Amino acid sequence: MKTTFSVIKADVGGWPGHATVHPDLEKIAYKSLLEAQREKIITDFHVTHCGDDLELIMTHTNGADCKEVHELAWNTFLAATEKARDLGLYGAGQDMLSDAFSGNVRGMGPGVAEIEFTERKAEPVITFLMDKTEPGAFNYPIFKIFADPFNTAGLVIDPSIHSGFIFEVWDIQEHKHVFLRTPEEMYDLLALIGAKSRFVVKRVFPKEDSKLPAKEPVSAISTEKLYQIAGEYVGKDDPVGIVRAQSGLPAVGEVLEGFTNAHLVSGWMRGSHNGPLMPVSVKDAKCTRFDGPPRVVALGFQLKNAKITQPVDLFDDPAFNRVREEALHITDYMRRMGPFEPHRLPMEDMEYTTLPKVMKKLGTRFKKFK
Ligand code: F6R
Ligand code: MG
Ligand code: MG
């Protein structure tokens with residue numbers, strides 16, 4: 001029997017503004033998932049948040065895109081939205097972009113990362129939860145983890161991962177995907193995923209000679225684009241990702257090493273600014289300064305027979321103090337740029353924000369010059 005690991009998230013109301021999730025919403029979600037566990041729709045679960053996003057981490061044996069599991073997530077977000085309305089939370093129901101559930105939450109507002117796989121004897125799984133950024137924020141760390149020998153020592157010294165991995169990259173504008181093999185096609189891969197607002201890593205697969213089944217992903221990232229669903233700016237698409245680790249995969253420490261550079265991502269204030277991604281504990285996963293800076297939380301689980309242990313809050317560790325310090329330095333530096341690019345995103349990325357409305361107002365005042 002294969003196990004499915006599903007992470008489904010939505011912003012259904014912020015507290016205050018877009019800072020964090022009110023604990024009452026997490027309580028509602030916990031109750032809803034506990035009931036579903038009793039009814040055997042899911043095997044196990046954990047509810048948490050990152051910034052203003054409510055995160056449902058679920059395990060089950062129903063496969064990816066299972067209607068019952070997606071419906072459970074949708075109904076849980078609806079119940080939490082109702083509570084958010086009662087409490088007067090900000091932007092209640094923000095990511096619930098559809099009127100009725102249609103069989104799958106994809107394309108309805110929530111973000112989804114799911115993997116179905118055969119459990120090994122011991123199965124470490126890490127979920128990454130980001131706020132105030134977009135799916136392309138995962139490109140850099142996922143590349144480092146699975147393809148950079150300076151990050152992942154195992155790529156050089158462990159014969160079980162020495163032959164590398166296969167990356168599935170989505171072109172989210174053209175709705176096409178391509179599979180690229182590393183290390184052979186590493187430069188082609190980088191040519192694409194360096195353009196992180198258009199090309200995003202969707203999944204990573206082992207190679208044919210791996211002891212892991214070739215068709216089962218070892219990592220998956222949510223790639224929902226809210227503006228494509230809503231047709232206008234409704235917040236960034238704060239993504240989630242799943243990474244499996246150890247025995248034929250990068251070690252937990254090699255996975256976490258991918259997040260030690262406070263790399264620049266798009267999002268932050270009004271989804272319109274570049275800024276550093278700061279790894280934080282759940283306790284610090286609230287977006288404050290300039291609605292940020294963008295944050296990432298890492299929760300580590302061991303999985304057995306689709307049951308999960310309590311999570312370990314992996315960035316809750318002094319080993320990440322320096323990268324947090326660096327993120328804060330970068331924050332000071334970038335903020336001094338104010339409304340100037342490249343702190344503010346380039347015009348083509350501002351297309352779906354509120355800026356075009358401001359530009360329109362100026363439209364008739366522009367006259368041709370010679
Ligand atoms: C970014 C985000 C916030 C809001 C900002 C303005 O993803 O959610 O930075 O864009 O707080 O919010 P509104 O327009 O709701 O006042
Ligand atoms: Mg919000
Ligand atoms: Mg958010």
Side-chain angles (χ1 to χ4, degrees), residues 7-26 29 47-57 73 77 80-81 83-85 87-97 105 108-113 127-138 196-197 221-230 232-241 264-278 280 282 284-297 331 334-335 338-339 343-345 349-358:
V7 185
I8 307 187
K9 48 98 10 193
D11 175 349
V12 295
W15 176 57
H18 296 277
T20 190
V21 171
H22 191 285
D24 285 5
L25 304 195
E26 287 189 43
V47 171
T48 188
H49 71 274
C50 180
D52 58 3
D53 294 294
L54 180 58
E55 317 273 356
L56 313 180
I57 298 167
F77 292 137
T81 297
K83 185 72 187 174
R85 290 208 172 103
L87 291 170
L89 298 182
Y90 191 73
Q94 181 186 287
D95 288 356
M96 307 298 278
L97 300 179
V105 292
M108 298 178 71
V112 189
T127 63
F128 290 98
L129 317 166
M130 294 184 183
D131 190 38
K132 303 295 182 273
T133 185
E134 60 177 8
F138 271 102
K196 59 187 174 35
S197 61
I221 285 101
S222 67
T223 50
E224 283 64 34
K225 294 295 279 182
L226 289 173
Y227 77 79
Q228 289 181 347
I229 301 165
E232 61 173 1
Y233 179 76
V234 282
K236 272 286 186 217
D237 320 285
D238 310 325
V240 289
L264 293 175
V265 299
S266 328
W268 207 348
M269 174 56 76
R270 299 175 187 276
S272 307
H273 293 81
N274 285 310
L277 185 69
M278 184 161 78
V280 292
V282 175
D284 292 327
K286 51 177 186 282
C287 289
T288 52
R289 183 172 176 190
F290 202 53
D291 283 359
R295 285 163 208 237
V296 56
V297 162
T331 294
M334 299 291 279
R335 281 303 305 125
H343 181 27
R344 196 178 75 185
L345 299 186
D349 290 345
M350 298 295 289
E351 197 184 326
Y352 287 95
T353 70
T354 43
L355 182 68
K357 288 179 191 150
V358 176

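In this text, all values refer to a predicted model and were calculated from it rather than measured experimentally. The figures here come from the full heavy-atom set of this structure, side chains too, leaving out hydrogens, waters and symmetry mates. Note that ligands are numbered from 1 as they come in the structure, with each ligand's atoms numbered from 1 the same way.
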### Message
Restricting to N, O or S atoms, which atom of Asp131 is closest to the Mg ion (ligand 3)?
### Response
OD1
#### Entry: Atoms of ligand 1 close to Asp291 [distance to a heavy atom under 4.0 angstrom, numbered from 1]
3 (C), 4 (C), 5 (C), 9 (O), 11 (O)
### Task
Mark up the atoms of ligand 1 that fall under 4.0 Å of a heavy atom belonging to Met269, in ascending order.
9 (O)
### Message
Among residues at least two apart in sequence or on other chains, which ones pass side-chain contact (heavy atoms from CB on, under 4.5 Å) with Ala29?
### Response
Val47, Leu54, Leu56, Thr76
### Task
State the atoms of ligand 1, each with its element, that fall below the 4.0 Å cut-off from a heavy-atom position in Gly271.
1 (C)
### Message
Which residues pass the ring pair (Phe, Tyr, Trp, His ring centres under 6.0 Å) test with His343, not counting sequence neighbours?
### Response
Trp268, His273, Phe290
### Task
Could you pull out the atom name of the N/O/S atom in Asp53 that is nearest the Mg ion (ligand 3)?
OD2
### Message
I need the contact type for His18 against ligand 1. Using non-hydrogen atoms and a strict under-4.0 Å cut-off, is it side chain, backbone, both or neither?
### Response
side chain
### Message
For N/O/S atoms only: which one belongs to Asp238 and is nearest the Mg ion (ligand 3)?
### Response
OD2
### Query
Tyr90 heavy atoms, cut-off 4.0 Å: which ligand 1 atoms fall inside?
13 (P), 15 (O), 16 (O)
### Summary
ligand 1 to Trp268, heavy atom cutoff 4.0 Å, flagged ligand atoms 1 (C), 9 (O)
## Note on the structure
With rounding to 10 degrees, Asp52 OD2, the Mg ion (ligand 2) and Asp11 OD2 define an angle of 90°
